[in-house]
Amino acid sequence: MPGLDDLYQQLILDHYRRPRHRGTLSEPTIEVDQQNPLCGDELHITVRIVDDQITEIAHAGEGCSISQSSASMMSDAVVGHSVADALAMIEHFRRVMHGEIVADETILGDAIALEGVAKYPVRIKCALLSWMALKDGLINGTPTAQEDQ
Amino acid sequence: MPGLDDLYQQLILDHYRRPRHRGTLSEPTIEVDQQNPLCGDELHITVRIVDDQITEIAHAGEGCSISQSSASMMSDAVVGHSVADALAMIEHFRRVMHGEIVADETILGDAIALEGVAKYPVRIKCALLSWMALKDGLINGTPTAQEDQ
Amino acid sequence: MTHAALINPLRVRQDFSLLAPTEGGARLVYLDSAATSQKPNAVLEAMDDYYRCANANVHRGVYRLAQEATERFEDGRRAVAELVAAPLAGTIFTKNATEAINLVAWAWGLRTLRPNDVVMVTEMEHHSGIVPWQIVAKMTGAEVRFAPITPDGELDHEWIDHTLASAPVRMVSIVHVSNVLGTVNPVADIVARAHAHGALVLVDASQSVPHMPVSFAGIGCDFMAFTGHKMLGPTGIGVLVGRPEILDGMEPFLGGGEMIADVRTDGSDWADLPNKFEAGTPPIAESVGLGAACIYLSSLGLDAVRAHEVHLTTYALDALSEIDGLRIFGPRDPARRGGALSFHLPDLHPHDIAQLVDEDNVCVRAGHHCAKPLMRALGVNATARASTYIYNDTDDIDALVTALHRARAYFAR
Amino acid sequence: MTHAALINPLRVRQDFSLLAPTEGGARLVYLDSAATSQKPNAVLEAMDDYYRCANANVHRGVYRLAQEATERFEDGRRAVAELVAAPLAGTIFTKNATEAINLVAWAWGLRTLRPNDVVMVTEMEHHSGIVPWQIVAKMTGAEVRFAPITPDGELDHEWIDHTLASAPVRMVSIVHVSNVLGTVNPVADIVARAHAHGALVLVDASQSVPHMPVSFAGIGCDFMAFTGHKMLGPTGIGVLVGRPEILDGMEPFLGGGEMIADVRTDGSDWADLPNKFEAGTPPIAESVGLGAACIYLSSLGLDAVRAHEVHLTTYALDALSEIDGLRIFGPRDPARRGGALSFHLPDLHPHDIAQLVDEDNVCVRAGHHCAKPLMRALGVNATARASTYIYNDTDDIDALVTALHRARAYFAR
Ligand SMILES: Cc1ncc(COP(=O)(O)O)c(C=O)c1O
Ligand SMILES: Cc1ncc(COP(=O)(O)O)c(C=O)c1O
C-alpha cells in the first residue's frame with residue numbers, strides 16, 4: 001500500500017510490535033492517565049524523576065499502532081533528559097504534528113518516523129496522546145481530559 | 001387586479017367599509033376576546049342570549065378586511081338564531097374555509113362571499129377568527145388562545 | 001404496502017452521485033451508513049429546487065412565495081408523519097436526534113422528575129440517549145440506571161422487569177436498534193411493561209426508521225426520536241414524535257418566534273402543537289429534503305429495505321467469520337439484528353483497520369461509536385464497524401473482506 | 001478590507017435564480033430579506049458539491065472521505081469566525097439564532113440566575129430575545145425588565161443607565177438592529193456601560209451581521225447570536241459566539257454525541273470548545289453553505305453592502321413619505337438605521353397590503369414580526385414591512401410605491 005508507507009513506516013511497526021519502556025513503574029514520581037476521546041484508547045504513563053532528570057519512564061494501556069509506537073518512541077527520546085529538555089522535545093513534536101516545523105532527528109530520535117502522521121489529521125491525536133500526557137504530568141503532575149491541540 | 005377579485009368581492013369590501021353589528025354590548029351574556037396569532041389583530045365579541053336565542057351580537061377591535069367583514073357577516077348570519085343553529089353555521093363555515101364542502105348561501109347569507117378565501121391558506125385564519133371566537137363563547141363562555149384549525 | 005420487488009443495489013446506486021464509479025472504474029465502498037447515509041439525487045434536487053424556486057420564510061407570509069414555501073415545508077412534515085404512522089400535531093422538527101431526546105429531558109424531565117425518581121436507560125444507548133438524562137438527573141436529584149446487556153448483546157429483560165417493579169421508574173429511554181451491536185430491541189413489548197408500571201417510554205429510533213418499517217402507533221411509545229441524515233435526508237434536521245396529549249401538558253423547551261400565541265412583557269402564551277416546540281425559523285429546506293427522502297424510502301418499500309439488510313447481514317456474518325480470529329459483537333441471528341456490524345481483529349487496532357481498508361476505498365468506522373458505557377460492558381476501548389444500506393451489495397462485503405486480509409498482510413510485512 | 005466598488009444589484013441578481021426575470025419579463029420584487037434572504041448560486045453549489053463529493057459524518061472518521069467532510073465543515077466555521085472577528089473556539093453552531101439565545105439562557109441563566117436578579121431586554125427585541133429569558137426567569141425567580149423605546153424608535157438610554165445603576169442586572173440581552181424599526185443600537189457603548197455594572201451582554205446580531213461590518217471583538221460583548229438564513233446561507237444553522245473564558249466555565253446545554261470527553265454510567269466529562277456546546281451530528285452541509293455565504297459577502301465587502309443599504313433606505317424613506325397618510329416607524333436618519341422599513345397606511349390593513357402588492361410580484365411582510373411587545377409600545381397590532389438587501393435596487397422601491405397606489409385604488413373601487 002504505497003499510499004500508506006509514509007504513515008506506517010517500518011520503524012513505527014517495529015516499535016508497535018516491540019514497544020520499548022512498556023509497563024508500569026512502581027512508586028513513580030509522576031503518574032498520568034490520558035484518554036483519546038476519538039476512540040476511547042487509554043494510556044497510563046509513569047515517570048521517575050531524580051534531581052530534575054527523567055531517569056525512568058513506562059507506558060501501559062491499549063492503542064492503535066500510531067499511539068503505541070509513539071509512546072514507545074517518546075519514552076526512548078525523553079529518558080535520561082531533564083524535565084526542561086523533555087518539555088522542549090514535546091513542544092517540538094507538537095509543532096511537527098501540526099505541520100508548523102520540520103522534524104529534527106537530533107531532537108526526536110526514532111520519533112522522526114512519525115512525521116508522516118501530520119498528513120492524517122485524525123491520527124495526529126493518536127500520535128500526540130503520550131506526549132501530551134507526559135507534558136501534563138510534568139507540568140501538573142495530573143492528567144487533563146483533553147490534549148491541547 | 002383580476003387575480004384577487006375572487007378574494008376581495010365587492011360584498012366583502014362593503015362589509016369592511018360599513019360593518020354591521022359593530023360595537024360592544026353592555027351587559028352581554030357572553031364576552032369573548034380572540035387574537036389572530038398571525039398578525040396580532042384582536043377581536044372583542046359580545047353576545048346577548050335570551051331563551052337560547054342570540055338576540056344581539058356585536059364585534060369590536062381591529063383587523064384586516066377579511067377578518068372585519070367576516071365578523072360583520074357572521075353577526076348578520078347568527079343573530080336571531082338559536083345557539084344550536086349558530087354552532088351548526090359555524091361548523092359549516094369552518095368546513096367551507098378548509099375546502100371540505102361547498103358553501104350553502106341559505107346557511108351563510110352574505111358570508112358566502114368569503115368562499116374565495118379558502119384558496120388563500122394564510123387568510124383562512126382571518127376569516128375564521130370571529131366565528132371561532134363565537135364558538136368558544138357559546139361553548140365555554142370563555143376564549144381560547146387559538147382557533148382550532 | 002407490501003413490495004414484491006427486492007432492492008437492486010446496482011439500480012439504487014445510480015441515484016447516488018458519490019457512489020458512481022470513477023473513470024478508472026474504482027468506486028467507493030461506503031460501509032458507514034450507521035454514521036450517516038449518502039443522499040439520493042431526488043433529495044438534493046428537492047432542496048435545490050426549494051431554494052431556487054420557493055425560498056421564503058414560512059408560516060406568516062401572506063405573499064404567494066411564502067405560501068409555497070410553507071406548503072413545501074409542511075409537506076415534508078406530512079411525509080415524515082406518514083412514514084412512521086405518527087400524529088401530525090406530534091411530529092416536531094429538531095436539529096437532530098440528539099436535540100429530540102434533549103427536548104424531552106429538559107421540557108418534560110427537568111419539570112417533572114423529583115429526587116430519587118429513576119430514569120432507565122440501557123448499556124447499549126448512544127451517548128445522546130444517556131447524557132441528556134445525566135444532566136437533567138443532576139439538576140433534579142433523579143437517578144439514571146443502566147439496564148445491563150447479556151453476553152450475546154441482548155438486553156437483560158429480567159433486570160428491566162425487576163427494576164420496573166421495584167424502583168420509581170418514571171422514564172425508560174431506550175434504543176430501538178443499537179448502532180454498535182445491531183441488536184433490535186423488542187420495544188413494543190418493553191413499552192407495554194413500562195406502561196404497566198406507570199413509566200413513560202422514549203424510543204431512540206435513529207437506527208431503525210431508516211432501515212425497517214417503524215410505526216409510532218404500533219410501538220405505542222410516548223416519544224420517538226430519529227435523525228434526518230441517517231435516512232437519506234440532509235443534515236440539520238431531526239424528529240421528535242410525541243403523543244399530543246403528553247406534549248400538550250408539557251411546558252415548552254426553546255422559547256422564541258413561531259412557538260408563541262402571544263408575548264407580553266409580563267409573560268407569554270404558547271402556540272398549538274407542533275409549533276409550541278419549534279422555536280425560531282425551522283429547518284425549511286431540510287424538511288423538504290427529508291420529505292423527499294421519506295418518499296424515496298416508501299417507493300423502495302421499507303419491507304424490501306429491511307429484507308435487503310437481512311440478506312446483506314447474513315452474507316457479511318458468514319464472510320467475516322471466515323477471517324481468522326475475527327470477533328463479531330452482537331446477536332448472531334441476522335433476523336434479530338440491524339445492519340451495523342462491529343468487530344475486532346486481535347492484531348489490528350480499529351483505527352489501523354479503518355485507515356488501511358480506506359486505501360482500498362472501503363469506508364468503515366473505528367472508535368467508541370458514541371457508546372462508551374457499551375464499550376466498557378464489552379470490555380473493549382473501540383471497535384471497527386461496517387454498516388450497510390440500500391446501495392450496498394455482497395460485492396461490498398467481499399471488498400471489505402479482501403481489504404481486511406490485505407491490511408493484515410501489510411502490517412505483517 | 002475596504003472596497004471601492006459599490007454593489008451593483010443587477011450584477012448581483014445574476015447569482016440568484018429566484019430573482020431572474022421570467023420569460024414574460026416580470027421579475028420578483030423580493031422585499032422580505034429581514035425574514036429570510038435569497039441564496040446565491042455559490043451557496044447552493046457548495047452544499048450540493050458537499051453532498052455529491054464529500055458527504056460523511058464528521059470528527060471521528062478515519063477514512064479520507066470523512067476527513068474531507070470534516071475539513072469542509074470546519075472551513076465553514078473558520079469563515080464565520082473570520083467574518084465577525086470571533087475566536088474560533090467560541091464560534092458555536094446552533095440551529096438558528098433562537099437556539100443560540102436559548103443556549104445562553106439555559107446553560108448560563110438557569111444555572112446562574114438567582115431570585116430577584118434582573119435580565120434586561122428591550123421593547124424592541126424579537127420574541128427570540130424575550131421568551132427564553134421569560135422561561136428561565138420563571139424557573140429561577142429572576143425578573144425580566146424591558147428597556148422602553150422613545151417615540152422616535154430609539155432605546156431610552158437614561159432608563160438603561162438608571163436600571164443598571166439601581167437594580168441587580170446580571171444580563172443585558174439586546175438587539176443590534178431592530179427587525180421592525182431598523183434602529184441600529186449603539187451596542188459597543190451599551191456593553192461598556194453594562195460591564196461597568198458587572199452585567200454580561202448578549203447581542204442579537206441577526207439583522208446586523210448580514211448587512212454591515214460586525215466585529216465581536218470590537219463590540220466587546222460576551223455573547224453574540226445570529227442566523228444563517230438571513231445572511232445568504234441555508235436554513236438549519238445559526239451561530240452563537242461566546243467569550244471562551246465564559247463558555248469554559250459554563251455547564252453544557254444539550255447532551256449527547258460530540259460534546260463529551262468521556263461518558264461513564266456514573267457521569268460524564270465534557271469536550272473542549274466549541275464541541276462542548278454542539279451535541280449530536282452538527283449541521284454539516286449547512287456549515288459548508290454558510291461558509292460560502294460568508295465568502296460571498298466578504299467578496300462584495302460588508303462596507304459596500306452597508307453603503308448600498310443606506311442608499312436604498314434613503315431612497316425608500318423619501319419615496320414612501322410621498323404617499324398620502326403613510327406612517328413610517330423608526331428613526332428617520334438612514335445612517336442610523338438598517339434596511340427594514342415598517343409602515344402603516346390608514347385605510348389598508350397590513351395583511352391586505354401584503355396580499356395586494358403580491359399581485360404585482362412585490363413581496364412584503366405583514367404582521368407583528370415576532371415583536372409583540374414592540375407592537376404594543378407602538379400602539380399597533382401589526383405593520384407592513386419592506387426590507388432590502390444586496391439584490392434590490394431603486395426600481396424595486398418604485399415597484400413597491402406603484403403597487404401601494406394600485407392597492408389603494410383597488411380597495412376604493
Ligand atoms: C432580530 C432577530 N432576532 C432573532 C431572530 C430569530 O432568527 P431565527 O428565526 O433564525 O432563529 C430574528 C429573525 O426572525 C430577528 O430578526
Ligand atoms: C442510536 C443513535 N441514537 C442517536 C444518534 C444521534 O443522532 P444525531 O447525531 O443525528 O443527533 C445516533 C447517531 O449517531 C444513533 O446511532
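The chains referred to below are lettered A, B, ... by the order of the sequence lines, with proteins before strands, and numbering in each begins at 1. Everything quoted here is computed from the prediction, not taken from an experiment.
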Which bit of A:Q68 is near chain C, if near means a heavy-atom gap under 4.5 Å: side chain, backbone, both or neither?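 Neither part, no heavy atoms under 4.5 Å.
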ring-ring contact (aromatic ring centres under 6.0 Å, His included) against C:F329, all qualifying residues, sequence neighbours excluded: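 By the ring-ring contact (aromatic ring centres under 6.0 Å, His included) rule, C:F329 matches C:H344.
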Only counting residues at least two apart or in another chain, list the ones meeting ring-ring contact (aromatic ring centres under 6.0 Å, His included) with C:F226.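 Residues passing ring-ring contact (aromatic ring centres under 6.0 Å, His included) with C:F226: none at all.
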[X] versus chain A, heavy atoms under 4.5 Å apart: side chain, backbone, both or neither?
X	result
C:A412	backbone
C:D347	backbone
C:R376	side chain

What heavy-atom pair brings [X] and [Y] nearest, and what distance separates the two atoms?
X	Y	result
C:E359	A:L4	OE1-CG, 3.3 Å
A:E42	C:N381	N-ND2, 3.8 Å
A:Y8	C:L356	CE1-CD2, 3.6 Å

Determine, step by step, whether C:Q355 and A:I66 satisfy the side chain to side chain contact (heavy atoms under 4.5 Å, CB included) criterion, reporting the C-alpha distance in whole Å, the side-chain angles of both residues, the deciding distance to 0.1 Å, and the verdict. CA-CA 11 Å; C:Q355 189 92 57; A:I66 302 297; over 6 Å; no
With A:R123, which residues qualify under salt bridge (Lys or Arg N to Asp or Glu O under 4.0 Å), at least two apart?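 Scan of A:R123 (salt bridge (Lys or Arg N to Asp or Glu O under 4.0 Å), adjacent residues dropped) gives C:D352.
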At under 4.5 Å between heavy atoms, what parts of residues 392-401 of chain C are in contact with chain A? List them by residue number.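 The stretch does not come within 4.5 Å of chain A.
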Regarding A:N36 and C:H351, do their side chains bring together a donor and an acceptor under 3.5 Å, going by distance alone?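 C:H351 and A:N36 do not have a side-chain donor-acceptor pair below 3.5 Å.
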Other residues, nucleotides, ligands: >12 heavy atoms within 6.0 Å of A:E27 CD: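 No.
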